[in-house]
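Numbers here simply count residues along the sequence, with the first being 1. Values below: every heavy atom of this structure, side chains too, minus hydrogens, waters and symmetry copies. When a ligand or atom number is given, it counts from 1 through the structure's own listing order.
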Amino acid sequence: MTYEDRARPARKLLVRETVREADGVLGVVLTDPQGADLPAWGPGAHLEVCLPSGRIRHYSLSGDPADRTTYRLGVLREPDGRGGSEEIHTAPLAGRLLEVRGPLNRFPLVPADRYVLIAGGIGITPILPMVRQLAAGPVPWTLLYGGRTLTSMAYRDELAALGGRNVSIVPQDSHGLLDLDHALEGLPDTTAVYCCGPGGLIQAVQERCDRLLPAGSLHVERFTAPAAGPRGDTGAFEVELRRSGQVLNVPPGRSLLDVVREAVPSVAFSCEEGMCGTCETKVLDGVPEHHDTFLSDSEKRSGTSMMICVGRSRTSRLVLDL
Ligand code: FES
């Protein structure tokens with residue numbers, strides 16, 4: 001969700017019901033409280049959801065884009081996570097109103113002559129609407145879906161009904177790891193590969209696509225940040241908050257977000273790992289040093305915005321639109 005997106009009005013949606021989709025996976029069905037149609041969306045889209053605690057989280061839409069009356073989310077319970085999934089799994093959400101923004105789409109289906117979809121675990125949520133769309137059209141496609149156990153893998157019946165033999169469901173405990181070599185070798189250059197799942201899966205798919213397909217063939221959506229590289233947070237710099245005129249010092253070892261929050265407690269953030277886009281902030285002067293995985297390379301080169309949770313500055317002063 002970019003800063004332009006965040007300027008859009010939020011809306012309150014009613015949690016119509018929660019549904020157990022698989023072991024550890026809860027489905028959340030949202031609807032307009034007055035029964036109005038919801039904004040249209042396409043496969044790969046997600047919602048920004050403000051939980052009752054105030055936590056902001058992003059969840060892919062896993063339902064049917066043709067159904068304008070509901071949005072469906074699938075949430076994996078992560079007891080060692082940052083609390084959002086625990087809250088969704090344990091709070092009585094049905095009947096409550098939740099504030100949402102979106103849908104937004106950073107993972108859209110691009111035109112291609114063939115599609116290979118690869119999902120790991122809860123990474124199936126943005127992939128399922130892609131299956132729905134591709135199954136209704138003439139372009140060849142396959143889905144490789146891995147999970148720890150069969151009963152932990154959500155939407156199996158729906159996928160089988162939609163895709164039949166195009167869908168391979170591979171529980172690790174009985175069938176081992178996904179055969180990525182088989183799925184990715186010998187494909188035409190005009191293939192688009194979509195992958196969503198754990199970092200290890202994305203990395204394994206990336207390595208094969210780098211070797212086997214033209215640049216740009218792979219499209220990924222991450223739920224966790226990749227293994228941390230050097231963040232370069234050893235140098236101090238100044239940040240000027242243009243709207244208030246305050247100038248703050250960002251010392252070594254403190255994040256820009258931490259410092260900004262002291263002056264602007266309402267500043268939006270979520271993952272603090274540079275992957276969700278919630279803290280994207282417009283840069284008015286200075287050269288940002290990006291450490292996120294949200295912006296594209298060309299967006300990073302333009303230097304017009306940055307993720308302040310992980311980003312720093314290449315210049316002695318950075319001027320932000322805050
Ligand atoms: Fe998620 Fe900064 S809070 S990218």
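- Counting only protein atoms, the N, O or S atoms lying less than 2.8 Å from atom 1 (Fe) of ligand 1 are Cys271 SG, Cys276 SG, ordered by chain and residue number.
- The pair Arg317-Asp285 does not meet the salt-bridge criterion, since no charged nitrogen lies less than 4.0 angstrom from a carboxylate oxygen.
- A salt bridge is absent between Asp173 and Arg148; no separation between the charged side-chain nitrogens and carboxylate oxygens falls under 4.0 Å.
- Taking the charged nitrogens against the carboxylate oxygens, Arg77 and Glu86 do have a contact shorter than 4.0 Å, which makes a salt bridge.
- Using a 4.0 Å cut-off between charged side-chain N and carboxylate O, Glu280 and Arg106 make no salt bridge.
- Between Arg314 and Glu289, at least one side-chain nitrogen of the basic residue sits less than 4.0 Å from a carboxylate oxygen of the acidic one, meeting the salt-bridge criterion.
- Glu262 has a carboxylate O that lies under 4.0 Å from a charged side-chain N of Arg254, or vice versa, which qualifies the two as a salt bridge.
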